[in-house]
**Student:** 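Once you've had a glance at the structure underneath, I'll fire off some questions.
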Amino acid sequence: MQKELVLEAIILFDKTTKELIKNLAEKYSLDLNSATPFSKLLLRSNSLWRGNLNEEWTYWFHGAHCDFENINSKQYVHTNITRGIYGAIDYYYLYKFVQTTESLKHVLEIVNKEDIFYATINKLLEDDTLINVEEFPFKMLVLNDKLV
């Protein structure tokens, strides 16, 4: 049951992240297939590194990541922006996504502690539902699209 609930959260996170990145790319005419699609938004000199994506979402870049926050619901999304891999799973920020996503409140009723949540992510990695696209000792976990 825990694995199914955490997987549900990961699938929604992956979908939400990719939609937000796509919207950001459309707003600023970014080519997501280029090697550095966000380069013009990362510069502090032009103040595009943070702002409103639309009426519902804010965004801000920091390092190799972009954070989005829903203005009304306070839903929080933290995503990797390197190598065209959006939706990479960071244990802490995925848990924060679940905590701030109204439609996932039922997940926290069952998987109600961070350490249980993190252990469940590790189980999904062990059974190849998630894959590590980095080389040891680094981790960049993503959803295995072949199994979902």
Side-chain angles (χ1 to χ4, degrees), residues 1-28 30 32-39 41-42 48-148:
M1 176 87 171
Q2 291 175 343
K3 281 174 44 173
E4 291 82 7
L5 289 170
V6 173
L7 180 58
E8 176 187 346
I10 290 169
I11 290 169
L12 182 59
F13 170 78
D14 187 68
K15 178 182 178 222
T16 303
T17 299
K18 289 174 181 171
E19 286 175 5
L20 290 168
I21 289 292
K22 181 179 172 241
N23 292 343
L24 192 64
E26 288 172 358
K27 178 175 181 160
Y28 291 107
L30 306 174
L32 292 177
N33 295 316
S34 74
T36 56
F38 302 103
S39 58
L41 301 181
L42 296 174
L48 292 177
W49 64 277
R50 77 178 306 144
N52 290 332
L53 174 58
N54 53 37
E55 320 71 58
E56 295 179 26
W57 291 93
T58 61
Y59 72 90
W60 60 99
F61 287 92
H62 54 96
H65 301 95
C66 184
D67 291 353
F68 296 91
E69 186 173 34
N70 186 288
I71 295 165
N72 300 314
S73 70
K74 302 302 179 198
Q75 182 183 33
Y76 189 86
V77 179
H78 172 90
T79 187
N80 176 68
I81 59 166
T82 60
R83 298 183 0 207
I85 300 172
Y86 314 114
I89 294 158
D90 176 289
Y91 291 64
Y92 173 81
Y93 287 111
L94 178 63
Y95 192 71
K96 187 170 181 177
F97 172 78
V98 173
Q99 290 177 310
T100 60
T101 303
E102 190 60 39
S103 66
L104 295 174
K105 294 296 182 197
H106 65 284
V107 173
L108 295 177
E109 292 172 9
I110 305 296
V111 188
N112 54 8
K113 294 183 180 167
E114 278 184 77
D115 58 338
I116 296 170
F117 189 84
Y118 299 167
T120 306
I121 292 172
N122 287 333
K123 288 177 187 171
L124 291 169
L125 179 61
E126 289 168 10
D127 72 13
D128 292 328
T129 304
L130 300 177
I131 54 176
N132 184 11
V133 295
E134 282 288 1
E135 293 187 27
F136 184 80
F138 303 105
K139 273 190 182 176
M140 184 181 289
L141 304 181
V142 295
L143 194 56
N144 185 348
D145 292 331
K146 294 176 185 172
L147 296 180
V148 178

**Student:** On a heavy-atom basis, which atom in F13 and which in G87 lie closest, and how many Å separate them?
**Tutor:**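 Smallest interatomic distance, heavy atoms only, reads CE2-O, 3.5 Å.
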**Student:** Output the distance between atom CD1 (I11) and atom CG (D14), rounded to the nearest 0.5 Å.
**Tutor:**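 Those atoms lie 8.5 Å apart.
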**Student:** With a 4.5 Å limit on heavy-atom distance, are the side chains of L143 and L130 in contact?
**Tutor:**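 Yes - at least one pair of side-chain heavy atoms lies under 4.5 Å apart.
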**Student:** Please find the pair of heavy atoms, one from L12 and one from T101, that lie closest to each other, and give the distance.
**Tutor:**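 Residues L12 and T101, closest heavy atoms: CD2-CG2, 3.9 Å.
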**Student:** With no hydrogens and no angle check, is any side-chain donor or acceptor of K27 less than 3.5 Å from a backbone partner on N52?
**Tutor:**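 Here the side-chain-to-backbone pair exists.
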**Student:** Could you tell me if the side chain of R50 sits less than 4.5 Å from the side chain of T58, heavy atoms only?
**Tutor:**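 Answer no - side chains too far apart.
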**Student:** Can you see which heavy atom on G63 is nearest to which on I81, and at what distance?
**Tutor:**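 Looking at all heavy atoms of both residues, the shortest contact is O-CD1, 4.2 Å.
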**Student:** For residues H78 and H62, determine if any side-chain heavy atom of one lies less than 4.5 Å from a side-chain heavy atom of the other.
**Tutor:**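 Yes - at least one pair of side-chain heavy atoms lies under 4.5 Å apart.
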**Student:** Would D127 and K123 pass as an ion pair if we require N to O under 4.0 Å?
**Tutor:**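 A salt bridge is absent here (no side-chain N lies under 4.0 Å from a carboxylate O).
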**Student:** I'd like a table of donor-acceptor pairs (distance under 3.5 Å, sequence neighbours excluded) in which one partner is a side-chain atom from residues 92-100, with atom names and distances.
**Tutor:**
| from | atom 1 | to | atom 2 | distance (Å) |
| --- | --- | --- | --- | --- |
| T100 | OG1 | Y76 | N | 2.9 |
| T100 | OG1 | K96 | O | 3.0 |
| T100 | OG1 | F97 | O | 3.2 |

**Student:** What pair of heavy atoms forms the shortest contact from M140 to N132, and how long is it?
**Tutor:**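 So the two residues come closest at N-OD1, 2.8 Å.
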**Student:** Check whether any side-chain heavy atom of N23 sits under 4.5 Å from a side-chain heavy atom of Y59, and report yes or no.
**Tutor:**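 No, side chains not in contact.
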**Student:** Can you tell me how far the CG atom of N112 sits from the CD atom of Q2, to the nearest 0.5 Å?
**Tutor:**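 If we round to the nearest 0.5 Å, N112:CG and Q2:CD are 8.5 Å apart.
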**Student:** Do W57 and N70 come within less than 4.5 Å of each other through their side chains, counting heavy atoms only?
**Tutor:**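 Yes, side chains in contact.
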**Student:** How long is the span from the CD atom in E56 to the CG atom in N72, to the nearest 0.5 Å?
**Tutor:**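 That separation rounds to 6.5 Å.
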**Student:** Does atom NZ (K105) have a neighbourhood of more than 12 heavy atoms from anything else shown, all under 6.0 Å?
**Tutor:**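 Correct, the count exceeds 12.
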**Student:** Is any side-chain N of the basic residue among K22 and E26 closer than 4.0 Å to the acidic one's carboxylate O?
**Tutor:**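 So K22 pairs with E26 through a salt bridge.
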**Student:** When you measure from the side chain of E4 to the backbone N and O of M1, does any donor-acceptor pair fall under 3.5 Å?
**Tutor:**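 Flag set: sc E4 to bb M1 pair under 3.5 Å.
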**Student:** Between atom CD1 of I116 and atom CG of L108, what is the distance when rounded to the nearest 0.5 Å?
**Tutor:**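 One finds 11.0 Å between CD1 of I116 and CG of L108.
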**Student:** Where is the tightest heavy-atom contact between N80 and H65, given as atom of each residue plus distance?
**Tutor:**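 Between these two residues, the closest heavy atoms are CA-CD2, 3.7 Å.
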**Student:** Counting only heavy atoms not in K15, do more than 12 fall under 6.0 Å of its NZ?
**Tutor:**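 Atom NZ in K15 is not crowded, with 12 or fewer foreign heavy atoms closer than 6.0 Å.
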**Student:** Could you check if a side-chain atom of L30 sits within less than 4.5 angstrom of a side-chain atom of L41, using non-hydrogen atoms only?
**Tutor:**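 A side-chain contact under 4.5 Å exists here.
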**Student:** Can you confirm whether L20 sits close enough to T79 that some side-chain heavy atom of one is under 4.5 Å from a side-chain heavy atom of the other?
**Tutor:**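 No. Closest side-chain heavy atoms not under 4.5 Å.
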**Student:** Please round to the nearest 0.5 Å and tell me the distance separating atom CG of L24 and atom CG of L48.
**Tutor:**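 Going from the CG atom of L24 to the CG atom of L48 covers 10.0 Å.
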**Student:** Supply the atom-to-atom distance D115 CG to T120 OG1, rounded to the nearest 0.5 angstrom.
**Tutor:**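 Here the rounded value is 9.5 Å.
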**Student:** Is the closest side-chain heavy-atom distance between E114 and Y91 below 4.5 Å?
**Tutor:**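 In short, these two side chains do not touch, never coming nearer than 4.5 Å.
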**Student:** Testing the basics here: between I71 and K74, what is the closest heavy-atom pair and its distance to 0.1 Å?
**Tutor:**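 Shortest heavy-atom separation between I71 and K74 comes out as O-NZ, 3.2 Å.
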**Student:** So, are R83 and E134 salt-bridged, with charged N and O less than 4.0 Å apart?
**Tutor:**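 Salt bridge flag = yes for E134 with R83.
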